[in-house]
Amino acid sequence: MRKGTKMKAIVYTEYGSPDVLQFKEVERPTPRDNEVLIQVRAASANPADWHLMRAEPFLARLANGLLKPKNPRLGADVAGRVEAVGSNVTQFQAGDDVFGSMPLNELGSFAEYVCANEEAVALKPAKMTFEQAAAVPLAAFTALQGLRDKGQIRPGQKVLINGASGGVGTFAVQIAKSFGTEVTGVCSTRNLDMVRSIGADHVIDYTQEDFTQTGQRYDLIFDAVGNRSVSDYRRALSPDGICAVAGFTSLSRLFQVMLLGGKKIGLMATAKGNKKDLLFIKELLEAGKVVPVIDRCYPFSETAEAIRYLEEGHAQGKVVITVAHNN
Ligand SMILES: NC(=O)c1ccc[n+]([C@@H]2O[C@H](COP(=O)([O-])OP(=O)(O)OC[C@H]3O[C@@H](n4cnc5c(N)ncnc54)[C@H](OP(=O)(O)O)[C@@H]3O)[C@@H](O)[C@H]2O)c1
């Protein structure tokens, strides 16, 4: 790799609204020994991007710098073509099409090129587009790890997914179905058909009905919204039921779940990318058991608009960024 080669990337040097995102020329990275250099063809946006960009909640500053961002780059999910490999890389070679996600302290896929540890990526399912593949990793890890690790999902269970129409929820519905469970998806009126179409056995329109007041009990609740109280969850859970909360709408909700949830109701651990889970998800994709739902694709230069849209909180599936190259 020629030193001094430039590329375009999204860079932010102060916290704030999407207005702080600059579409800028920077140095193209060089892969370390265990890394691949990926020519990014598509990336997807996650709430983590705007939480870090805004440093909201304030706790985000502990992760990425008190006054200004230590890592000035955003973007976890990536799909693209391997351009070069580090000297210790054994699993990939230049020309391979891959997908995966960066750890939260090393974001940087909103760029023409990004380096990733070879353990963080896998070969892209051949039949998927780069946009589809980029839509998957972090949201699917969150759904899988929430349902399986925190939720202890088992076949035959009644599972409720709150926020079934969002980036994480659309994967949670499909992954829960793949475990052989009976799935109820909670979403608003305009998303009922979409949530049914990805496999939910039942849907509840949250604008018409409160899922905690129906008398129905669930063995597992996976909450990708985090807008309910601990007593709401208790009311909707079967006696041995588990509730895994992936997100939260306010710090008071977060602290209530942490302090009062007990063993059965709690926050899932922050989702972590790893090769084993990526390959597990890849199998589901190749078997057609999980199909990414893409709401919108934005051109790379309009990444700020993509984040602005995601922050509104009404995405129907995933928001994807397409990175075009001249070659
Ligand atoms: N723990 C982790 O490691 C981890 C990882 C990734 C994400 N997360 C968190 O998980 C949460 C979900 O992420 P995401 O990517 O799915 O976000 P997202 O795509 O922005 O979620 C938007 C979706 O939420 C739905 N929604 C909003 N209010 C709702 C309500 N009251 N009831 C049911 N659905 C509602 C919206 O539908 P309508 O427009 O129809 O309301 C929309 O489809 C976020 O809080 C995120 O920070 C956590």
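In listed order, ligands and their atoms are each counted from 1. Worth saying up front: this structure is predicted, and the values here are computed from it rather than measured.
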For [X], state whether at least one heavy atom is located under 4.0 Å from any atom of ligand 1.
X: A139; result: no
X: N227; result: yes
X: G226; result: no

What part of [X], side chain from CB on, backbone N/CA/C/O, both or neither, has a heavy atom under 4.0 Å from ligand 1?
X: V225; result: side chain
X: H51; result: side chain
X: N46; result: neither
X: R190; result: side chain
X: N162; result: side chain
X: L267; result: neither
X: A271; result: both
X: T142; result: side chain

Salt bridge check, [Y] against [X]: does any charged N sit closer than 4.0 Å to a carboxylate O?
X: D97; Y: R41; answer: no
X: D201; Y: K158; answer: no
X: E311; Y: R308; answer: no

For [atom], what is the nearest protein heavy atom, given as residue, atom name and distance?
atom: atom 42 (C) of ligand 1; result: A315 O, 3.1 Å
atom: atom 18 (P) of ligand 1; result: G167 N, 4.1 Å
atom: atom 12 (C) of ligand 1; result: A224 O, 3.1 Å
atom: atom 21 (O) of ligand 1; result: G166 CA, 3.9 Å
atom: atom 7 (C) of ligand 1; result: V168 CG2, 3.9 Å
atom: atom 39 (O) of ligand 1; result: H314 ND1, 2.5 Å
atom: atom 37 (O) of ligand 1; result: S165 OG, 3.3 Å
atom: atom 1 (N) of ligand 1; result: A246 O, 3.2 Å

Distance-minimising heavy-atom pair for G146 and A244 =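 Closest pair (atom of G146, atom of A244, distance): O-CB, 3.6 Å.
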
Can you tell me if [X] and [Y] form a side-chain donor-acceptor pair at under 3.5 Å?
X: T214; Y: E209; result: no
X: N227; Y: T249; result: no
X: Q152; Y: R154; result: no

Element-labelled atoms of ligand 1 that are located less than 4.0 Å from some non-hydrogen atom of T270 =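 Within the 4.0 Å cut-off of T270, ligand 1 contributes 3 (O).
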
key: Proximal atoms of ligand 1 relative to G163 (non-hydrogen, under 4.0 Å)   =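 Going through ligand 1 atom by atom, the ones under 4.0 Å from G163 are 33 (C), 34 (N).
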
message = Under the ring-ring contact (aromatic ring centres under 6.0 Å, His included) test against F23, which residue among F110, F300, Y298, Y12 passes?
response =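 Among F110, F300, Y298, Y12, the one meeting ring-ring contact (aromatic ring centres under 6.0 Å, His included) with F23 is F300.
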
ask   = Out of Y309, Y206, F211, whose heavy atom sits nearest atom 28 (N) of ligand 1?
value =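 The option holding the nearest heavy atom is Y206.
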
request  = Only heavy atoms count here, so choose which of G317, P47, A45 is nearest to atom 44 (C) of ligand 1.
outcome  =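 Nearest option to atom 44 (C) of ligand 1, by heavy atoms: P47.
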
query = Backbone N or O of R235 within a donor-acceptor pair of the R217 side chain at under 3.5 Å?
reply =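 Flag set: sc R217 to bb R235 pair under 3.5 Å.
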
message = Between T184 (side chain only) and H202 (backbone N and O only), is there a donor and an acceptor less than 3.5 Å apart?
response =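 Judged by distance alone, no pair lies under 3.5 Å.
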
key: Stepwise salt bridge (charged side-chain N to carboxylate O under 4.0 Å, His left out) check, D210 with R228   = CA-CA 10 Å; D210 178 346; R228 308 308 304 237; 3.0 Å; yes

Rounded distance [0.5 Å steps], [atom1] in [X] versus [atom2] in [Y]:
X: E14; Y: L67; atom1: CD; atom2: CG; result: 12.0 Å
X: K318; Y: E131; atom1: NZ; atom2: CD; result: 13.5 Å
X: F171; Y: L147; atom1: CZ; atom2: CG; result: 13.0 Å

